[in-house]
Amino acid sequence: MKKAAVIGSISTDFVVTTEVIPNQGETVVGESFQTFFGGKGANQAIALSRSGIDVFMLGAVGEDSFGIELLENLKTNAVNTEMIQAVAKSESGSAHIQINNGDNRIVIIPGANNLISIDVIKQYQKELLTMDLIVLQNEIPMETVQHIIDFCFEHQIKTIYNPAPAKEIDEEFIEKVTYITPNEHETALLFKGESLEKSLRRYPNKLIVTLGEQGAIFYDGEKEVLIPAHKVAKVVDTTGAGDTFNGYFAKGILDGLSLEKSLALGNAASALAIQAKGAQDGIPVYEKVAETL
Ligand code: RIB
């Protein structure tokens, strides 16, 4: 059975739903408050797990009550947690999310996620070398992200790099990953002042740009290929849609599907995910996704 590791963030999402977004200095009354399990890394690990892949998570939580629950949640979702450290004197990561009309604004407090250092990665090198694919994002320190990319490149381990949230990174690292999956906003930061068309042509069959309700696009060496998103009648919450997309895209790649088919899988899964509230609650199991293909 193919094995994947997700190296990234594990957080609690504190979610406020409000019809009115407050202006500076203003107080408004919102509709609801809930906590959910989140963190881009954990969300992507759970998407992979629900897709039926054997998945390991490398990350950190704080030694607080959130940390205990975050770990328990990953175990309940059949994610292997042996490479997750509980860090004393640190708070667990958290994300503070405002939902307005189904769309979101997010403030992240990294907490223990910021303690995933290069040294921590070095402790698990033996385990990482057994992986068929490593998935990473930008919610751990960038020097660690760069180290992982170098490590995977050196050892010829496939990588999916989801450069979210948007951060700058040298092109040398983009060259080294197998796939990079930014959204339009992240693409604009990575390739400043360049048209989408030009950026796509730079990295045929590697750069996949997600376009929200339009789907995902890449350049196949001859032409642009758009894999359309599924139509969703009622979008409830888009938080984590990109994570579900990446998790299921990774499943497609691990199963040896074509780029087109792997992206179609990602689109199908994320269309289901946005019909439920919370980043993880709506992540579908593979059987549900297969029904919509
Ligand atoms: O991609 C969605 C995730 O981003 C949320 O779960 C939140 O934790 C933020 O990190």
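Start at 1 and go down the list; that is how both ligands and their atoms are numbered. Index from 1, following the sequence.
- The salt bridge (Lys or Arg N to Asp or Glu O under 4.0 Å) test with Lys192 singles out one residue from Glu186, Glu171, Glu168, and that residue is Glu168.
- His185 meets the ring-ring contact (aromatic ring centres under 6.0 Å, His included) test with no other residue; sequence neighbours excluded.
- Checking Gln85 against Tyr124 by side-chain atom types alone, a donor-acceptor pair falls below 3.5 Å.
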Give every pair formed by an N or O atom of ligand 1 and a protein N or O atom closer than 3.5 Å, one pair per line with both atom names and the distance to 0.1 Å, or write none.
residue  : atom   : partner : partner atom : Å
ligand 1 : 1 (O)  : Lys40   : NZ           : 2.8
ligand 1 : 1 (O)  : Asp243  : OD2          : 2.7
ligand 1 : 4 (O)  : Lys40   : NZ           : 3.3
ligand 1 : 6 (O)  : Asp13   : OD1          : 3.4
ligand 1 : 6 (O)  : Asp13   : OD2          : 2.6
ligand 1 : 6 (O)  : Gly39   : N            : 3.2
ligand 1 : 6 (O)  : Asn43   : ND2          : 3.0
ligand 1 : 8 (O)  : Asp13   : OD1          : 2.6
ligand 1 : 8 (O)  : Gly39   : N            : 2.8
ligand 1 : 10 (O) : Glu139  : OE1          : 3.1
ligand 1 : 10 (O) : Glu139  : OE2          : 2.6

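- A donor-acceptor contact closer than 3.5 angstrom links the side chains of Gln280 and Asn73.
- For the residue pair Asn267/Tyr248, the side-chain donor-acceptor check at 3.5 Å is not satisfied.
- Checked by atom type, the side-chain pair Asn77/Ser49 shows no donor-acceptor distance below 3.5 Å.
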